[in-house]
Number of protein chains: 4
Amino acid sequence: MTGRNETASESPEKRRAILEQAIRTFAEVGFRSTDVQVIADRAGVGKGTVYRYFGNKEELFWATTFEVLERLERHMFAAMEGIEGARAKLRAAGLAHAGFLDADPQYLEIFVQDRAEFRGSHPESHQRYHEKLIARFVEIIEQGIADGELRPVDARETVLSFWGLLYGSVVHSCYAVHNYTLTELTRHSVDIFLKGIRAEVPQYEKEHMK
Amino acid sequence: MTGRNETASESPEKRRAILEQAIRTFAEVGFRSTDVQVIADRAGVGKGTVYRYFGNKEELFWATTFEVLERLERHMFAAMEGIEGARAKLRAAGLAHAGFLDADPQYLEIFVQDRAEFRGSHPESHQRYHEKLIARFVEIIEQGIADGELRPVDARETVLSFWGLLYGSVVHSCYAVHNYTLTELTRHSVDIFLKGIRAEVPQYEKEHMK
Amino acid sequence: MTGRNETASESPEKRRAILEQAIRTFAEVGFRSTDVQVIADRAGVGKGTVYRYFGNKEELFWATTFEVLERLERHMFAAMEGIEGARAKLRAAGLAHAGFLDADPQYLEIFVQDRAEFRGSHPESHQRYHEKLIARFVEIIEQGIADGELRPVDARETVLSFWGLLYGSVVHSCYAVHNYTLTELTRHSVDIFLKGIRAEVPQYEKEHMK
Amino acid sequence: MTGRNETASESPEKRRAILEQAIRTFAEVGFRSTDVQVIADRAGVGKGTVYRYFGNKEELFWATTFEVLERLERHMFAAMEGIEGARAKLRAAGLAHAGFLDADPQYLEIFVQDRAEFRGSHPESHQRYHEKLIARFVEIIEQGIADGELRPVDARETVLSFWGLLYGSVVHSCYAVHNYTLTELTRHSVDIFLKGIRAEVPQYEKEHMK
DNA sequence: AATGAATGAGCATTCATTCAT
DNA sequence: TATGAATGAATGCTCATTCAT
């Protein structure tokens, strides 16, 4: 009765409002610099309510991360819906990834904060979720290999490379004077990536996907 | 160059000692959580001295970032020394990058902290330095294109993709259960990357670089 | 009598349950550190109910104190039942006091908390109750004097001394490494006390009460 | 360098000022209710300075307790100076005890708070100090027994009873409507106590010490 | 009548920065 | 020049109390 209440007696709207403002605030000033009071104020609830719903700042942040991860996943898989072929799927996923973060740069900052503050040590639930996400991509790669569309690479390694490419391009892009949008840059990165894992290389002309 | 005191009257050893312990400490606990007193203690100087040499915590961190960036650059270009061919150079640079961070994971954390806390808004000096770094790679790519070794990609975009790939693979690797070292994963990523930008694709057998 | 609601419509069992858990909790962690929610949980009622029955934390504590005081009084007077002679009565009361607190150290902590937090400023009802208690002992002393059993001391002063001795021995005992139980120590204290107020001193041998 | 500094670099005046105001404040509102900021303000130093000198609130309180205990001890032993005879010494000690707390009731509250909050679990240093104090009284009792002045009681038990009597009388006195000063009440208590441990009982007339 | 969700005042503690020595 | 004592703003978290249901 006293502890955390995941079960009932919570207002989903309040939870949602807090989470939304948590995303916004963590993204704006970073995990450490975020004052929980600000989140509460922005969400229009008392500070105690934030703690009631999420236990402490760290757990709130994890809930935030998880939420963003879920949204990103939904966005990517929605983009892959109905797409045939491993390369085309990866391409769609990559562009969806860029589009997602391009549309709302807050999300990117959440991931960056997550990595910076917690170095990948997350609650069990996060780990599992991430694993599942990777597994889905591994499957795509393996199907591509089986179909002869991709050369016989190590599927898991390749997925990690692919995610690294997506994440890195995006995160790192801040260091360059931007003449490109994230999406444009990602299109290029993915293009390079895909051509490299193709089973055969036809004439470039045919391949240009732009 | 980075700091604020050109006043001479400074001991290079002290500066060096402070910087070294700043790298260590920022890497260990992050920028926000770092207590300047700890750096001072570890460096064997008074806290006031740290402020005398570096002005404030933020500037100290930037000096730290700059130092690490310089070391990484030296490491990468040393690895490219005497290497012929654009692809071979990129390959060497990529592996040097991984090796550098594999050997001393502190350095990686500095970059991560930098990105998380300052989102790429650095002092002028950093920006310039970064631009110069990119330029050197652009040159390599363009030479590769001119030699017909690489297909005619946009050089700058490609450099950014390449750096993104390196950075992302490394930073993101924490999310996967590690069966690979950073270097192994990077070898794979670079392999994929390079095959994608090759002018022509010969038989895979010859190409396997592992 | 102690609380504030005469409104009827209250369940005596609930009141009893809350009180019992209040004793337990105040004793365990002290008045200030007690979380009313814990009392409510332990008593199996809602927090609001605790407030309904007792008004606020302070009044709840006073009800607690009162309850414990009543139990102690009952215990002491039960022990004096049928005992003849002032000295024998005081002796019985002292040992009952020690036995009461020895059997349930919670009770002691309630008194200690009471003294520490409220310095003796209690509601009217408590004062009156206390006065009545003292009066009963004063009567015993005066009877003893009248009977020639006790020397003609100031009765009220003596009662206060006696209570002080009992209370002090018990509260203070924590400062000594315990080789004695509370009861043993009290036996000794009371022994000393009694021999001092006796009207005449016979041979020690006969007097040794242990 | 970073941690607590018992050694040098501290101003004794500041330490003294903080301690003095800590006594005052803890006595006034109790340990839990004390806001360290108030102590700092009253002592005319920054809050950080309080933490610099005493580490945390609890340690500050222990320092406070220790200080008061030392003062009490000095006061009592000064009063026993030059007094001959065990009974006379105990009598002097008892009256000094009462006089000390009568003169400055703050000190009493410190002891009460101590007991209430920490139930006798003190740092090693306190335990040792307390033991030493008891030992000095044990010695007095034993000497009195050896001299035939006191009957052959258990010395340690008796010391504990005596302290209990002193402490209890004082602490408990708040429950009675005061017509007596602490000192008067203690005089009576000690009187009773002493007559009880005398080796022989002469005519009461001669003995009346009032 | 009973509940427990919501609230926000309150407080311990940390740490960047200053400045007197 | 070098130092480190002093400072107080900043912030996570608790919990007594209220009140809508």
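Order of the sequence lines fixes the chain letters, A, B, ..., with proteins taken first and strands second; residue numbering starts at 1 for each chain. Note that these values count all heavy atoms, side chains included, but never hydrogens, waters or copies made by symmetry. Please read all numbers here as calculations on a predicted model, not as lab measurements.
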In dot-bracket notation, what is the pairing pattern of DNA chain E, taking Watson-Crick (N1-N3 plus N6-O4 or O6-N4) and G-U wobble (N1-O2 and O6-N3) contacts under 3.5 Å, with [ ] crossing and | for other strands? .||||||||||||||||||||
Using heavy-atom distances to pick each residue's nearest nucleotide on DNA chain F, tell me which of B:Gly44 and D:Gly46 is more 5'. B:Gly44
D:Tyr53 (side chain) donor-acceptor with D:Leu60 (main chain) under 3.5 angstrom: no
Atom [atom1] of [X] and atom [atom2] of [N]: how far apart are they, to the nearest Å?
X: B:Glu13; N: F:dA2; atom1: CD; atom2: P; value: 11 Å
X: D:Leu60; N: E:dT13; atom1: CG; atom2: P; value: 10 Å
X: D:Ile39; N: E:dC11; atom1: CD1; atom2: P; value: 12 Å
X: B:Glu117; N: E:dA16; atom1: CD; atom2: C1'; value: 14 Å
X: D:Glu10; N: F:dT3; atom1: CD; atom2: C1'; value: 16 Å
X: D:Phe54; N: F:dT7; atom1: CZ; atom2: P; value: 14 Å

Would you call the rings of C:Phe61 and C:Phe26 parallel, tilted or perpendicular, where under 30° means parallel and over 60° means perpendicular? perpendicular
Just wondering, do [Y] and [X] contact through their side chains at under 4.5 Å, heavy atoms?
X: A:Leu69; Y: A:His130; answer: yes
X: D:Thr34; Y: D:Lys57; answer: yes
X: A:Val171; Y: B:Val171; answer: no

Which residue pairs pass the salt bridge (charged side-chain N to carboxylate O under 4.0 Å, His left out) test with at least one member in residues 25-34 of chain B, sequence neighbours excluded?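 Pairs touching residues 25-34 of chain B that pass the test: B:Arg24-B:Glu28, B:Glu28-B:Arg42, B:Arg32-B:Glu117.
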Donor-acceptor contacts under 3.5 Å from residues 107-114 of chain C side chains, at least two apart:
from     : atom 1 : to       : atom 2 : distance (Å)
C:Tyr107 : OH     : C:Arg71  : NH1    : 2.8
C:Glu109 : OE1    : D:Arg115 : NH1    : 3.3
C:Glu109 : OE2    : D:Arg115 : NH2    : 3.0
C:Gln113 : OE1    : C:Phe31  : N      : 3.0
C:Gln113 : NE2    : D:Ala116 : O      : 3.0
C:Asp114 : OD1    : C:His122 : NE2    : 2.7
C:Asp114 : OD2    : C:His122 : NE2    : 2.8
C:Asp114 : OD2    : D:Tyr175 : OH     : 2.9

Specify the residue among C:Val45 and A:Val45 whose closest nucleotide of DNA chain E lies further upstream toward the 5′ end.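 In this pair, the answer is C:Val45.
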Using the closest heavy atom to pick a nucleotide of DNA chain E for each, name whichever of A:Thr49 or C:Lys14 lands nearer the 5' end. C:Lys14
For B:Glu13, salt bridge (charged side-chain N to carboxylate O under 4.0 Å, His left out) partners two or more places apart: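 Salt bridge (charged side-chain N to carboxylate O under 4.0 Å, His left out) check on B:Glu13 returns nothing, list empty.
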Partners meeting side chain to side chain donor-acceptor pair (under 3.5 Å) with C:Asp104 (sequence neighbours left out):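 With neighbours one apart ignored, the set is empty.
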Is there a side-chain contact between B:Arg52 and the phosphate of F:dT1, meaning an N or O under 4.0 Å from OP1 or OP2? yes
Can you give me the N/O atom pairs linking the protein to nucleotides 10-14 of chain F at distances under 3.5 Å, or say none if there are none?
from   : atom 1 : to      : atom 2 : distance (Å)
F:dG12 : OP1    : A:Thr34 : O      : 2.7
F:dG12 : OP1    : A:Lys57 : NZ     : 2.6
F:dG12 : OP2    : A:Asp35 : OD1    : 3.3
F:dG12 : OP2    : A:Val36 : N      : 3.2
F:dC13 : OP2    : A:Tyr51 : OH     : 3.1
F:dC13 : OP2    : A:Lys57 : N      : 3.1
F:dC13 : N4     : A:Lys47 : NZ     : 2.3

